[in-house]
Amino acid sequence: MVAFLSSWPWENLGNLKYLLYGPLIANVVYARMYEETPKFNWCLHILILCALRGAVYTLCSGLNHWHFLTRRRRVVQQTVDFKQIDSEWHWDNFILLHAFMGLMATYTFPVFTNLPIWNSKGYLFALLLHIAVVEPLYYFVHMLLHSDYLFTNYHSLHHSSVVPQTLTAGLATPLEHIIFGLIMGIPILATCLLGYGSLKLIYGYVLIFDFLKCLGHGYTECVPPVIFEFLPFLKYLIYTPTYHYLHRKEMNTNFCLFMPLYDALGNTLNKKSWELHKKIFSGENTKEPDFVFLMHCVDVISSIHVPFVLRSFVSLPYTTRLFLFPLWPLAFATTMLLWMFGKAFLVMGYTLRGRVHQSWCVPRYGFQYFLPFAKNGINDQIEDAILKADKLGVKVISLAALNKNEALNGGGTLFVKKLPDLRVRVTHGNTLTAAVILSEIPKEVKEVFLTGATSKLGRAIALYLCRRGVRVMMLTKSTERFQSIQNEAAEEHRSCLVQVTKFQAAQHCKVNQMPSISPKYTYSK
């Protein structure tokens with residue numbers, strides 16, 4: 001049986017849950033249209049606050065995905081998988097819940113009816129109440145949530161995300177978010193009851209609370225250790241992403257909300273927190289990529305389809321959406337600046353079978369590859385990326401799309417010839433496919449019949465096999481194209497390349513073809 005308040009009541013609605021904001025919107029519209037003298041409308045402010053809270057989490061999530069700036073300070077080297085993305089898809093459920101909790105509070109407590117916009121004394125009272133009430137209360141509740149029953153039925157959902165990120169902060173059960181919402185409301189309600197509340201206090205406290213939650217749940221260490229070295233007492237007043245990560249990893253330490261002081265008082269402070277913090281911030285924990293995929297932008301709109309803009313959008317197959325068009329000028333201006341001053345940058349990465357794979361982007365659009373005057377600049381960008389990959393110890397860099405254009409750089413041969421001492425292997429899709437096919441051909445094979453022999457892929461396979469002393473029967477009616485490939489082979493290997501024009505030449509070969517990969521081949525031992 002499902003535990004009480006362990007699932008959301010609107011779970012089956014999907015994105016239709018946003019219709020639940022309808023009554024608040026209707027109230028605002030009605031007040032604007034039919035009330036002669038507009039009154040203070042809490043529905044309007046709750047809607048604005050919900051939008052701002054969503055914006056804080058979205059912006060922090062985007063900044064967290066600026067891998068080109070943050071990759072050396074990742075708290076967790078592992079990357080987010082699709083299972084986690086799916087589980088966090090409705091991370092903003094708690095904002096909807098808190099909207100209705102806030103609305104109930106405004107109708108329950110008359111003190112909220114006529115709040116001033118500003119009251120400077122309220123900030124001090126709210127801060128004192130946060131330190132003296134919210135922090136210890138949250139610490140106590142959080143420890144209770146790690147008891148057997150509550151953890152199994154409730155809090156384990158929050159810990160199910162392997163890679164903590166800003167949106168992970170919203171992944172929890174309704175019961176937890178009701179409790180956290182009540183705790184968060186204590187300084188606001190108490191300050192208002194004391195007569196020092198204000199509208200700006202409510203906005204400020206809630207948004208700062210959200211920002212600090214995003215800070216701790218991010219997988220990028222952004223708090224410089226020098227702050228704690230210069231002012232040591234601060235390490236007990238503000239937590240860090242590393243500090244919270246240790247709680248998620250080891251479970252029995254670092255329970256605080258934002259202030260490690262209460263972990264120190266409760267003897268639950270992880271002794272490794274500060275040393276690990278220094279190590280991660282210095283970049284010692286970084287693992288360099290094994291494989292780099294060097295791509296480029298296709299067009300202005302598709303260039304927005306990246307994790308550091310909107311993670312929910314990039315998690316879906318790309319389609320042109322109308323809401324992206326207002327961002328067109330910004331995206332175009334950014335790319336123009338990168339055209340003039342930028343270099344290839346890291347867009348995203350993932351770990352596969354223990355190896356780090358990254359996608360780097362040359363800051364150029366597809367149309368720029370067809371501008372004659374842009375050719376040298378693009379090749380300089382690609383060369384710079386190859387040299388950077390070589391310096392980092394990358395094993396393979398693959399040129400994608402137009403970066404491997406024959407007219408641009410001969411499919412990458414320009415760089416291989418220009419930089420003979422490279423340790424990194426420069427490849428592209430065709431050469432990688434050729435490598436897969438070649439790995440399937442037994443070493444004892446002495447003769448191969450190859451169709452599609454004069455294509456880029458066929459050429460690569462034929463030239464490699466002839467160097468091994470394998471006789472390659474190349475099916476083609478174009479003598480000119482055959483001789484062009486034959487001339488590329490070393491003189492002592494050219495006799496291994498044989499032109500054939502009919503399939504009968506393969507009658508003694510064993511049939512072996514790789515599905516969905518062209519060209520096809522047969523061989524005989």
Side-chain angles (χ1 to χ4, degrees), residues 39-57 59-60 63 94-95 98-99 101-142 166 169-170 177 179-218 222-224 227-228 230-240 243-244 256-265:
K39 299 177 183 177
F40 187 86
N41 193 326
W42 266 114
C43 288
L44 175 62
H45 286 289
I46 286 172
L47 287 170
I48 294 172
L49 191 55
C50 286
L52 291 174
R53 295 185 76 184
V56 168
Y57 280 88
L59 288 172
C60 288
L63 292 171
F94 75 97
I95 297 179
H98 288 175
M101 289 176 65
L103 190 63
M104 289 172 62
T106 59
Y107 281 103
T108 305
F109 298 98
V111 70
F112 288 112
T113 345
N114 294 305
L115 281 181
I117 294 177
W118 168 267
N119 188 328
S120 56
K121 293 180 181 178
Y123 291 92
L124 177 61
F125 278 96
L127 179 62
L128 292 173
L129 285 165
H130 178 87
I131 295 171
V133 180
V134 172
E135 287 285 345
L137 186 56
Y138 178 92
Y139 175 81
F140 175 72
V141 169
H142 194 179
T166 52
H177 279 304
I179 295 170
F180 297 154
L182 292 172
I183 293 173
M184 183 174 67
I186 290 173
I188 295 172
L189 178 60
T191 305
C192 291
L193 290 172
L194 289 169
Y196 300 113
S198 66
L199 195 60
K200 286 188 176 180
L201 168 68
I202 295 173
Y203 275 84
Y205 183 77
V206 171
L207 295 179
I208 291 172
F209 195 98
D210 284 337
F211 170 75
L212 290 174
K213 283 186 73 178
C214 290
L215 171 73
H217 284 83
C222 51
V223 181
I227 295 176
F228 299 141
F230 185 67
L231 299 170
F233 68 90
L234 285 180
K235 67 172 67 173
Y236 296 105
L237 300 182
I238 185 69
Y239 76 156
T240 67
Y243 189 92
H244 184 71
C256 77
L257 176 58
F258 306 134
M259 299 175 63
L261 170 66
Y262 289 94
D263 277 311
L265 294 174

Mind checking side-chain contact (heavy atoms from CB on, under 4.5 Å) for Leu199 and listing every partner two or more places apart, or none if nothing turns up?
-> Phe40, Trp42, His45, Tyr203
Name each donor-acceptor pair under 3.5 Å that joins a side chain in residues 101-122 to protein atoms two or more places apart or in another chain, with its distance.
from: Thr106; atom 1: OG1; to: Leu103; atom 2: O; distance (Å): 2.6
from: Thr108; atom 1: OG1; to: Met104; atom 2: O; distance (Å): 2.6
from: Thr113; atom 1: OG1; to: Pro110; atom 2: O; distance (Å): 2.1
from: Asn119; atom 1: OD1; to: Lys121; atom 2: N; distance (Å): 3.1

Can you find a heavy atom in the side chain of Leu63 that is under 4.5 Å from one in the side chain of Thr166?
-> no
Would you give the length of the straight line joining atom NE2 of His217 to atom CG of Leu212, rounded to the nearest 0.5 angstrom?
-> 12.0 Å
Smallest heavy-atom separation, Leu129 atom then Ala190 atom, equals CD1-CB, 3.5 Å
Sorted by chain and number, sequence neighbours left out, side-chain contact (heavy atoms from CB on, under 4.5 Å) with Tyr57 holds for Trp91, Phe94, Leu167, Ala169, Asp210, Lys213, Cys214
Phe258 side chain near Ile208 side chain, heavy-atom distance below 4.5 Å | no
Is the backbone of Gly170 close enough, under 3.5 Å, to the side chain of His177 for a donor and an acceptor to pair up by distance?
-> yes
Could you grab the distance from atom CG of Leu237 to atom CD of Glu135, nearest 0.5 Å is fine?
-> 9.5 Å
Minimum heavy-atom separation for Met184 to His98, with atom names?
-> CE-ND1, 4.0 Å
How long is the gap from CD1 on Ile48 to CG on Leu52, to the nearest 0.5 Å?
-> 7.5 Å
Applying side-chain contact (heavy atoms from CB on, under 4.5 Å), run through Thr191 and Leu201 and close with a yes or a no.
-> CA-CA 9 Å; Thr191 305; Leu201 168 68; 3.6 Å; yes
For Pro232 against Tyr236, the heavy-atom pair lying closest together | O-CD1, 4.3 Å
Is there a side-chain contact between Phe228 and Thr240, using heavy atoms and a 4.5 Å cut-off?
-> yes
Tyr243 versus Val223: any side-chain heavy-atom pair under 4.5 Å?
-> no
Between atom CD1 of Ile95 and atom CD1 of Ile46, what is the distance when rounded to the nearest 0.5 Å?
-> 13.5 Å
CA sep, side-chain torsions, deciding dist, call: Leu257, His130, side-chain contact (heavy atoms from CB on, under 4.5 Å) = CA-CA 10 Å; Leu257 176 58; His130 178 87; 3.9 Å; yes
Does Tyr139 reach the side chain of Met259, with side-chain heavy atoms less than 4.5 Å apart?
-> no
Phe180 and Tyr138: ring pair (Phe, Tyr, Trp, His ring centres under 6.0 Å), yes or no, with the steps?
-> CA-CA 8 Å; Phe180 297 154; Tyr138 178 92; 5.3 Å; yes
Decide yes or no for Ile186 and Leu137: does some side-chain heavy atom of the first lie under 4.5 Å from some side-chain heavy atom of the second?
-> yes
